[in-house]
Structures are given as structure tokens and as C-alpha cells.
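See below for the structure under consideration.
None of these values were measured; they are calculated from a predicted model. Numbering of ligands and ligand atoms starts at 1, following listing order.
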Amino acid sequence: MKTDMITFDEKNQVFNLSNDYISYIFSVEEGKTLAHLYFGKKIRNYHGNLQYPRISRSFSANLPGSKDKTFSRDTLPKEYSSAGEGDFRTPAAVVKNENGAYASFLTYKSYQIINGKPKMQELPASFVDNTEDAQTLIIVLEDKISKLEFDLSYTIFRKYPIIVRSVKVRNMGNKTVFLNKVSSMQLDFVDKKFESITLPGAHMNERNIERNPLHHGLAVYSSNRGVSSPQMNPFIALVDKNTNEFSGEVYGFSLVYSGNHKIELEEDQINQVRLNMGINDYNFSWKLAPEESFQTPEIIMVHSNDGLNGMSQSFHHFIDENIITSKFKNSERPILINNWEATYFDFTEEKLLQLVKKAKDLGIEMFVLDDGWFGHRNDSRSSLGDWTVNTKKFPKGLIHFAKIVHGQGMQFGLWFEPEMISHDSELYKKHPDYLMHVPGRVPSPSRHQYVLDLGRKEVRDEVFNQLDKILSSGQIDYVKWDMNRHLTDIFQADLPADQQGETYHRYVLGLYNLLDRITSKYDNILFESCSSGGGRFDLGMSYYMPQTWTSDNTDAVARMKIQYGTSLIYPTNMIGAHVSVSPNEQTGRLVPLDTRYLVAMSGVLGYELDLTKLSPLESKKIKRQISSYKKFRNLIQFGDFYRLKSPFDTNQAAWNFVSKDQKEALVFSFNVLSDAQPIFTETKMYGLNPDVDYKDQDSGKVFGGDELMEMGFYDEIAKHDFIGKMRYFKAI
Ligand code: DGJ
């Protein structure tokens with residue numbers, strides 16, 4: 001069968017997914033084994049001649065009942081593997097059968113090609129507005145004994161070097177089985193000398209870029225914290241040794257999921273590489289009764305021959321068009337003032353009104369009321385779960401306050417932490433059982449708070465109804481959805497003992513269900529995801545919320561790294577970045593206001609400091625910053641972003657934005673520590689039109705696009721630390 005992007009060659013039993021950029025090819029081999037052949041740069045016309053060598057390899061098992069010693073599933077590159085099929089590498093799936101055996105043997109059964117991409121039930125996933133833009137291949141693998149069927153789904157997108165994969169397991173037999181592991185994908189490589197790039201980190205130190213050579217054995221990158229976590233983003237890139245930002249081959253993988261995840265990278269006995277990625281099998285076991293099915297989250301797989309910037313460009317454009325559902329995705333985001341670092345819990349309505357007034361004078365467009373406005377919350381010890389206004393702080397109510405903000409011509413945003421409960425709350429008095437805990441055990445607090453058992457519908461309904469009451473006032477323009485602890489005491493109260501292994505995933509499904517209800521009912525509200533900053537920065541959350549608070553660390557120097565790492569996957573319009581006070585609250589570092597601004601304006605700009613304490617000079621500067629950001633906002637939020645110099649490698653950082661028509665460009669360069677004997681360095685731009693001349697709007701000097709990209713310009717030097725410079729070029 002042939003469609004324009006997916007073909008099946010009946011004679012050679014070869015499936016080929018190709019667009020203008022990439023090809024992904026696999027075939028059906030002996031024993032109906034689905035063998036992987038190729039993923040990479042587009043192959044014009046595959047003639048069917050790449051056969052994995054047959055060899056009798058010691059200690060490798062052969063097909064059941066076979067006398068052919070030369071064919072083994074052990075080293076063969078495959079599309080998907082399960083435990084129990086004579087492959088000693090790490091399997092993508094592990095099934096426990098009714099008789100207790102962990103055996104399943106997956107064989108090819110059938111295929112189906114669909115125009116477009118079917119909508120995924122219950123889970124966030126990529127989508128196309130037009131069925132012309134993508135095609136989907138569903139391959140059915142079966143285990144003949146248990147009668148389990150694995151639908152491997154592959155969607156190829158016309159405009160991108162991207163394939164999206166996921167798996168659905170269907171129980172077609174009459175026995176109940178347990179799924180102990182179901183990866184969303186497996187990808188096997190032969191003869192690749194890869195290095196891996198991952199994004200590990202911590203609270204206030206998210207998404208560091210870490211590059212490692214592969215080694216024999218298994219490397220695991222995962223989260224078992226119930227959320228995607230700041231400790232390990234659900235992302236990996238496999239790159240050639242020589243790959244840099246601008247050239248070389250890259251395979252990038254990002255999981256569309258916000259819970260426990262696991263990336264397994266294995267180099268086998270003959271230097272072949274296997275990558276498995278999906279839901280973490282840690283404390284996971286899913287009971288699958290006859291006629292039931294289980295859907296994994298999906299993985300976005302990007303291929304680039306243009307280095308890491310090439311990969312990021314594909315992620316950025318794809319996320320903007322095919323992941324974010326919010327109707328705000330193409331609109332310029334408001335510049336906000338958030339009262340958290342300005343006041344923390346210590347505020348009165350009067351104090352906030354001073355902030356609002358000052359913000360308005362400076363040109364700020366939205367006021368965000370952070371933690372502490374509800375229940376009787378004056379510190380982190382109480383009131384989570386009680387989403388009613390604290391009348392001591394707002395005697396005339398929240399809506400009255402929101403109206404005053406609106407009266408100033410500003411938008412009004414509000415903070416919630418809907419997944420949580422405090423012991424000291426009305427909700428806990430009424431429904432102590434809503435708190436996730438293991439019966440008979442005392443649950444562990446974290447930041448004095450506990451997690452709600454969101455797998456249960458009645459718990460979600462309670463949260464929905466409380467939020468609904470406030471949001472339906474029509475006075476809320478923006479919601480910051482926070483989540484400030486990880487999951488312990490894993491137990492879902494309405495599940496039987498043999499289904500407790502489902503709790504982690506059911507929590508995430510419950511969260512998605514809640515988010516779906518709220519964001520679709522209130523699609524006129526701009527949602528920002530937050531988890532103590534960027535602790536849950538993943539594509540599952542991005543599906544519902546178009547922007548994310550990138551980190552609780554607002555120090556501009558730390559932010560250079562955090563935003564640089566974040567930009568590997570996520571577009572600038574998702575990256576919330578605020579100017580805060582100096583010395584910085586998290587690091588104590590003194591950074592000039594100009595540099596704080598230059599770093600924050602490289603994302604979705606906001607301010608988070610007590611504006612009423614600004615000196616006249618600072619006020620003047622901030623007013624200028626805000627009007628300048630408004631001028632560049634479109635270019636920054638919707639232009640193409642390229643990394644130029646990594647703050648992880650040098651004392652410097654640089655990046656530039658280029659408008660889609662290549663007529664405008666903004667370049668930022670920073671020097672972190674000054675030097676008595678400065679080393680002269682150059683910044684070379686990227687993504688300009690080499691044949692066009694550009695004028696530096698400050699100096700009036702003219703440069704060719706090729707000059708700016710090949711020769712560049714000398715970086716600023718100064719006798720103090722933390723300097724930054726922005727240059728704005730316009731095509732002439
Ligand atoms: C963590 C967030 O990242 C902060 O911005 C702030 O909202 C606090 N929570 C409030 O508790």
C-alpha cells in the first residue's frame with residue numbers, strides 16, 4: 001500500500017515512512033520479527049538491500065523451534081521487544097501472565113495507515129489541525145499465547161523531521177495479565193558512536209546540559225518522584241562525537257508526560273545501542289483484564305543534521321504548532337508583576353494596591369497575586385485545599401480587588417496549588433481521606449503539605465468545583481498552577497490491592513482530566529504551569545498550559561544556564577523569566593539591572609520585586625525596559641531562537657533571535673566574570689540571510705548577513721562582572 005509519506009512494500013515486507021527531511025524504515029523478518037533498519041536523513045528510494053548480517057553468535061538464543069543458528073532476536077535491531085523472546089538486552093515491555101510467567105513473544109500481525117493522527121484518549125498528545133499534515137502507521141504485534149496485542153503507532157509529520165511514537169496494549173484473550181513495563185518506544189542502532197545529552201538538575205538549578213560518552217551496560221535517566229521533576233527532564237539526545245550547536249547529527253527525544261519516566265540507554269556486547277523511553281516501571285504494574293487496553297504516553301523523536309540548534313528549531317516549531325492547545329499560543333504574552341518575591345506571604349490589600357499602581361505607571365500589563373491570598377494562610381503551614389479568599393487580607397473580597405486591578409487597565413492573575421492539601425485546612429477537616437496516604441501509616445509532609453488523591457473522581461470534582469467558583473467570576477485573566485512537593489505514600493484509596501501499582505499513573509491521568517476540564521471551560525484564561533519553578537517543565541503540561549515558570553532561581557547569572565538548557569526543547573514563548581531584586585534572593589549575587597533585564601527579556605518578561613522601593617533612576621530604567629520589550633516582544637516570543645555560546649562551557653553566553661522573514665535580529669552576549677587581562681572574543685550570529693545587509697540600529701553601522709555570521713563582532717569588555725549587551729539589526 002502507498003500513501004505519500006508511508007509505504008508498505010509487500011514483496012520485501014518493508015515499511016517506509018519518509019517526508020522531505022527524514023526516513024524511518026523497518027521490515028518484517030524471520031519469525032515475523034519486526035526489525036529496525038534505519039532512522040535518519042531522507043532516503044530518496046530504499047531498494048530493500050540492507051540486511052542485518054546472519055551469523056551464529058554464541059550464547060544468543062534462536063527462534064523457538066528453529067534449526068537456524070544464524071538468526072537470533074538477541075542482537076537484531078528491533079522495533080519493540082518484550083521480556084521472554086530470547087533478547088538479552090533490556091526489553092521495552094514486561095508482561096506477567098496469569099500463570100506467573102514473564103514470557104511473551106511478539107510477532108507481526110497486521111498494519112493500518114491513517115491520514116492525520118487519531119486523538120489520544122486521556123493523555124495529552126501532539127495533534128494536527130489538518131489531516132493532510134500527517135500520516136499514522138499502526139503496526140499490530142501479537143503474543144499468540146496470551147492474545148495480547150501491541151499497537152505500535154508512528155506518526156510522520158509533513159513539515160518536520162519528526163516522528164511521534166506511542167504504544168497501546170490490548171488484551172484480546174480471556175485471561176487477566178499484568179503489565180509491569182510498557183515503554184512508549186524502543187529504538188535500536190547499529191554502528192553509531194554516540195554521546196548522550198541529558199538535562200539533570202535540582203530545584204533552582206534546572207536543566208543543566210550534561211554530555212556523556214556511552215559505555216557498555218545500561219545507563220538509566222529517570223524520575224520516580226511522581227512528576228517529571230527538575231532532577232531529570234524526560235528528554236535525551238543522542239549525538240555524534242563531533243556534533244555541536246551548528247553541525248552534526250542529533251536524535252532528540254522528548255516524552256509527552258508529567259509523571260514518573262525512565263530512559264534506558266544500553267550499549268550491548270557488540271557496541272549496538274538500544275534506547276527505551278516511557279513511563280517508569282518503578283512501582284508500576286497495570287492490571288489488564290480481557291477487552292481492556294492500556295495507552296502509553298507518546299514520544300516526539302526529532303532528527304537533525306544541523307547540530308543541536310537544528311534539533312531545537314524542530315522542537316520549538318512543532319511544540320508551538322502541534323502540542324500547545326491554548327488559544328493564547330500565538331498571542332503576545334502580557335508583561336507581569338508577581339508579588340511573590342516582593343512580599344512573600346506578608347502583604348495587605350493596601351500594600352498590593354501600591355504595587356499595582358507603581359506597576360501601571362511603569363507600563364506593566366498584568367498583576368499576579370501569588371501564594372497567601374486564601375484560607376488563613378500566612379506561611380506555608382496551612383490552608384491548601386481551601387480556595388476561598390482570606391478576608392483578613394481582602395476585607396471586600398477577591399473579586400473586589402480584581403476589579404480595582406482591572407480598573408487600572410491591568411489584567412489580573414491568580415496563584416493556585418490545586419493538587420495539594422494542608423492538615424490545617426477546612427478541606428482536611430471535611431475529607432481527611434482525600435489526602436494521599438497508605439492506610440495505617442503516617443504520611444510524610446514536604447513543605448508542611450500533602451498531595452491529594454487525584455486518581456479519584458470525587459477528589460477531582462471537589463478541586464474543580466472550588467476553582468470553578470472563582471474562575472467563573474470572569475475577573476481572572478491568568479492562572480499560575482503551582483505544585484510544590486513530590487509524591488510519597490503512594491496509595492489510591494478506591495483501588496484494590498492488586499491495582500496499587502497503578503497509583504502513580506492514575507494520579508497523572510487524574511491531573512490531566514482536571515486540567516482538561518478547567519482549561520477547556522476557561523479557554524479565555526492564560527495558564528502558566530509551575531512546580532517550585534521549572535520542576536514539571538514537560539510537554540504533557542505544555543499541552544494544557546502554554547507557558548511555564550522556568551525556575552525559582554531568578555539570579556540572572558544562574559538563569560543564563562537554566563534558560564540555555566531549557567531552550568534545547570522548549571520555545572521562548574514558554575519560558576517565564578522575571579527581573580528580581582539585587583542582591584538576588586536565592587544566590588545573594590549583585591547583578592546590574594541592565595543584565596537582569598537582558599536575561600529576563602530573553603523569555604516571557606515579568607518583574608518580581610518590590611517596585612515601591614525602586615530608586616528614581618531604577619524606575620526610569622525599568623520604564624524604558626518595558627517599552628523596549630514591547631517593541632521586541634513579537635520577535636522574541638515568536639522569532640527563531642539560536643544558541644550561540646554556552647554558559648556551561650565558557651565565561652560567556654550568547655544567543656540570537658531572528659524574525660521568520662529574516663529581516664530583524666536581536667543578539668544578546670554576556671561576559672560573566674571580568675578579567676585583568678581580558679581575552680578578546682567574538683560572537684558570530686546565526687540564522688540570518690547571508691545575502692542581505694543589516695544595519696545595527698544603535699551605531700548605524702552596516703554589516704552583511706554573511707559578515708555577522710562568519711566574522712561576527714568583538715564582545716564587550718568592562719572592569720566589572722556580569723555584563724551583557726543587546727544589539728538590534730534590521731535588514732536594509
Ligand atoms: C513556588 C513558586 O515557584 C513560586 O514562584 C511561588 O509561587 C511559591 N511557590 C509560592 O508558594
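For the salt bridge (charged side-chain N to carboxylate O under 4.0 Å, His left out) condition, the pairs that include at least one residue of residues 547-573, sequence neighbours left out, are Asp555-Arg589.
The contact shell of ligand 1, taken as protein residues with any non-hydrogen atom closer than 4.0 angstrom, comprises Trp340, Asp370, Asp371, Trp415, Arg447, Lys480, Asp482, Asn484, Cys530, Ser532, Gly533, Trp549, Asp552.
Evaluation of the side chain to side chain donor-acceptor pair (under 3.5 Å) rule for Thr572 yields no partner, not counting sequence neighbours. With sequence neighbours excluded, no residue forms a side chain to side chain donor-acceptor pair (under 3.5 Å) with Ser254.
Salt-bridge formation is detected for the pair Arg633/Glu365: a Lys NZ or Arg NE/NH1/NH2 atom is positioned less than 4.0 Å from an Asp or Glu carboxylate oxygen. The pair Lys521-Asp468 meets the salt-bridge criterion, since a charged nitrogen lies less than 4.0 angstrom from a carboxylate oxygen.
The side-chain tip of Lys480 does not point at the ring of Phe416 from less than 6.0 angstrom away and within 45° of straight on.
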